[in-house]
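Every number for a ligand or one of its atoms is a count from 1 in the order of the listing.
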Amino acid sequence: MILWVLIVNYFFCAQFVNGHLEPIGYGTPLPGKRAPSGSVWPKPLYRFSTNPMKAFSVDTQAFEIILLENNPTSSCTLLDFATNHYTNLIRNLNPKTGGDLSCLQIKIFGDCVQDEYPRFENTTEENYQLIVTEGYPSPVAILNAYTPWGALRGIETFYQMIWSDESENETFYVNQTDSLVDEPRFIYRGIMIDSARHYLPEQTILKILTAMMYNKFNVLHWHIVDDQSFAFVSQSFPELSKMGAYTRKEIYTPEVIRRIQEAARVRGIRIIFEFDTPGHVAGFGKSHPEFLTPCYDEYQSIGGINPRRASAINFDPSNEDVFEFMEAFLQEVLSVSKDQYLHLGFDEVFLPCWQTSPRIKAFMVERNYTSTRQVLGYYINRITEIVSSLGITPIAWQDPLTDGVELDKNTVIHFWMDKPGYPRYEEALKSGYKVLQSTCWYTNLIKYGPTWKDYYECDPVANAELVSYESQILGGEATIWGEFVDQTNIISRLFPASSAVAEVLWTSRNLKDKTDDAMWRLDQFRCNMLRRDLDLN
Ligand SMILES: *[C@@H]1O[C@H](CO)[C@@H](O)[C@H](O)[C@H]1NC(C)=O
Ligand SMILES: *[C@@H]1O[C@H](CO)[C@@H](O)[C@H](O)[C@H]1NC(C)=O
Ligand SMILES: *[C@@H]1O[C@H](CO)[C@@H](O)[C@H](O)[C@H]1NC(C)=O
Ligand SMILES: *[C@@H]1O[C@H](CO)[C@@H](O)[C@H](O)[C@H]1NC(C)=O
């Protein structure tokens with residue numbers, strides 16, 4: 001009885017303190033629950049502290065990130081970029097000297113292969129553990145990881161754990177953390193950029209890669225050519241960019257691509273190129289009009305699309321030269337690409353164009369096809385075979401499935417029209433396809449207000465029925481199509497909105513905050529990103 005009274009009293013007091021004695025200020029700017037200082041975005045799997053309020057001051061000026069050598073003969077140069085980058089970020093926080101915590105020690109348990117490119121076949125590749133605790137004579141911060149990729153994710157988390165007391169003589173702190181263990185939910189967490197509708201300079205792409213690293217994104221899907229321009233410089237077919245790029249300068253030479261690939265690699269990001277065919281090929285057509293199907297006006301009433309528009313133009317699958325060219329071209333692309341995936345597009349093929357072409361009509365008679373969809377299927381199968389025979393996994397936008405074209409079961413289906421839980425998304429999973437989700441994450445679509453909330457509330461596993469297919473869901477991508485986006489606004493359009501996507505793809509669903517609470521943590525992360533300089537090396 002007495003105990004019970006005490007408990008009631010305790011709650012009463014607590015309520016009293018919260019409700020009346022503590023000044024409530026002049027209203028909070030956001031609903032939801034304020035996130036504690038030094039919170040992390042995306043939210044980690046597990047964070048435990050016996051004394052979570054114990055804060056160690058950081059000696060920013062003397063701070064060092066030290067890689068403890070597991071095997072002294074194999075130094076991990078892959079992490080040189082990150083250790084320099086984050087050491088500079090920490091030193092740039094504050095000119096003040098003094099503080100208790102002056103280093104982060106990293107230990108990698110597996111091998112660190114110097115020139116390795118990330119593959120991310122298993123979420124365990126990115127896991128890590130962080131410990132910040134009392135030590136003698138001063139507190140210690142330790143980061144354990146199996147791979148350098150896990151270490152990269154852990155360094156980012158450590159940086160986010162550093163918070164400012166915002167006092168006149170600003171001091172930075174990291175709280176005691178007995179164990180923070182983290183691992184992503186999905187292996188594939190991407191951003192799609194479109195450098196065809198507007199050319200994106202190398203420096204802009206490097207900034208995007210840095211911001212992606214801050215968000216633990218690990219895939220840059222590069223939609224590099226389209227109707228509007230062909231900026232990829234091919235060694236075998238130099239005419240493609242000579243005639244297809246906007247100007248002689250707005251191109252991606254092999255050297256530029258190599259630098260971007262290296263920048264991505266040291267940030268733990270893979271680059272997946274997209275070469276979209278048989279639609280969206282006016283860029284190819286600038287130098288190779290012979291590969292295109294001429295469209296005829298008669299179908300104007302069918303499609304309602306002006307056949308003279310580039311978006312109505314397709315390759316001509318009745319022309320064997322198209323396949324000979326594509327085989328040679330894709331071989332070159334794959335020698336440039338360091339990845340086991342290649343995005344083949346296959347979207348928005350304007351079938352009425354084929355329907356009116358005498359050449360395609362003759363080809364259909366020859367092959368006993370009754371529908372242009374069969375022509376599309378024929379093209380897709382041949383291109384997929386080329387790529388698959390080279391050991392590469394093809395990715396395709398969902399359109400062929402929508403058009404009733406049977407895709408190779410090895411193809412990853414990238415959804416942009418159907419949300420998770422909609423019939424075609426479910427059908428694809430039930431038919432055994434691996435999928436990627438982007439439908440809810442079109443960051444180029446402008447809407448007034450906090451668009452990130454919609455992104456945050458969309459989950460690739462939309463309902464209980466999809467849970468059993470979770471292993472087929474590789475992850476997803478936030479897309480930023482380039483029609484109204486260029487180097488002047490792409491960063492602000494991508495971040496922090498797509499940070500919501502980063503958390504959906506990283507954080508276990510059952511750990512996710514209510515959106516209103518997440519808003520406070522995102523707000524804190526936004527400030528954390530703003531205090532950094534994306535140009536920093
Ligand atoms: C860190 O400690 C400070 C007080 O020293 C506290 O205000 C803050 O909420 C703590 N942060 C976390 C993430 O626990
Ligand atoms: C990932 O790797 C771990 C450890 O090697 C293993 O136990 C697990 O089965 C793997 N998961 C998948 C999906 O391959
Ligand atoms: C800030 O530091 C300066 C120089 O050390 C000192 O004179 C001043 O009193 C400090 N201000 C506060 C609010 O602690
Ligand atoms: C088309 O059909 C005819 C008659 O059934 C058949 O002889 C021919 O082999 C078929 N052609 C193809 C390419 O399947």
Side-chain angles (χ1 to χ4, degrees), residues 18 22 32-58 99-101 109-111 118-134 139 141 144-147 149-150 157-167 170-188 218 317-318 320 340 360-371 374-375 377-379 381-382 393 412 434 461 467-475 508 511 513 517-518 520-525 527-528:
N18 283 336
E22 262 191 10
K33 210 166 94 234
R34 188 183 287 272
S37 306
S39 290
V40 177
W41 187 285
K43 196 178 187 181
L45 187 60
Y46 173 82
R47 182 176 185 172
F48 171 75
S49 181
T50 48
N51 195 356
M53 296 298 190
K54 170 74 187 160
F56 302 114
S57 60
V58 179
D100 294 330
L101 186 66
F109 290 87
D111 289 331
R119 290 180 73 85
F120 302 130
E121 285 162 341
N122 189 322
T123 55
T124 56
E125 286 176 67
E126 286 172 283
N127 78 8
Y128 65 91
Q129 181 195 29
L130 257 173
I131 298 161
V132 182
T133 188
E134 290 294 359
N144 295 320
Y146 289 104
T147 70
W149 318 119
T157 296
F158 178 79
Y159 180 79
Q160 291 187 26
M161 285 162 64
I162 303 172
W163 56 276
S164 155
D165 64 3
E166 291 168 19
S167 68
E170 190 174 29
T171 303
F172 287 87
Y173 295 93
V174 178
N175 291 16
Q176 180 175 327
T177 304
D178 298 297
S179 182
L180 185 155
V181 175
D182 203 7
E183 184 174 304
R185 176 183 176 199
F186 293 108
I187 54 167
Y188 188 120
N218 66 2
S318 73
E320 202 51 31
Q340 77 265 33
I360 300 288
K361 280 184 192 164
F363 176 73
M364 287 172 69
V365 170
E366 194 186 300
R367 301 200 63 91
N368 298 336
Y369 290 162
T370 52
S371 154
Q374 291 166 289
V375 179
Y378 168 82
Y379 178 86
N381 283 333
R382 287 201 58 181
T393 303
V412 175
K434 294 202 166 119
V461 187
V467 172
S468 52
Y469 300 101
E470 185 148 1
S471 66
Q472 285 164 246
I473 303 171
L474 298 183
S508 294
L511 294 178
D513 284 332
D517 295 341
W520 280 100
R521 197 160 38 82
L522 181 57
D523 189 59
Q524 201 183 99
F525 178 48
C527 294
N528 185 294

Number the atoms of ligand 1 from 1 as they appear, then name those within less than 4.0 Å of a heavy atom of [X], with their elements.
X	answer
Pro52	1 (C), 2 (O), 10 (C), 14 (O)
Pro36	9 (O), 11 (N), 12 (C), 13 (C)
Asn175	1 (C), 2 (O), 3 (C), 8 (C), 10 (C), 11 (N), 12 (C), 14 (O)
Ala55	5 (O)

Within 6.0 angstrom of Arg382 CZ, more than 12 heavy atoms from elsewhere: yes
Spatial distance of atom CG (Leu45) from atom OH (Tyr128) [nearest 0.5 Å]: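 Separation between the atoms: 9.0 Å.
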Side-chain donor-acceptor contact under 3.5 Å, Thr50 with Gln176: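 Yes, Gln176 and Thr50 have a side-chain donor paired with an acceptor closer than 3.5 Å.
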Donor on one side chain, acceptor on other, Tyr173 and Ser37, under 3.5 Å: no
Taking all atoms of both residues into account, what is the closest heavy-atom pair of [X] and [Y], and its distance?
X	Y	answer
Asn175	Pro52	ND2-O, 2.8 Å
Phe186	Val461	CZ-CG2, 4.4 Å
Thr123	Arg185	CG2-O, 3.8 Å

Numbering as shown, the atoms of ligand 2 that approach Thr124 to under 4.0 Å (heavy-atom distance):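 Checking each atom against Thr124, I get 1 (C), 2 (O), 3 (C).
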Among protein heavy atoms, which lies nearest [atom], and at what distance?
atom	answer
atom 7 (O) of ligand 1	Met53 SD, 4.3 Å
atom 11 (N) of ligand 2	Asn122 ND2, 3.0 Å
atom 6 (C) of ligand 4	Asn368 ND2, 4.1 Å

Ring geometry between Trp41 and Phe525 (parallel below 30°, tilted from 30 to 60°, perpendicular above 60°): parallel
Determine, counting only non-hydrogen atoms of the protein, whether one lies under 4.0 angstrom from [atom].
atom	result
atom 9 (O) of ligand 2	no
atom 13 (C) of ligand 2	no
atom 4 (C) of ligand 4	no

Under-4.0 Å heavy-atom contact with ligand 1, by part of Trp163 that carries it: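 Side chain only.
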Lys54 N/O to ligand 1 N/O under 3.5 Å: no
Partner of Lys43 under salt bridge (charged side-chain N to carboxylate O under 4.0 Å, His left out), chosen from Asp513, Asp182, Asp517: Asp513
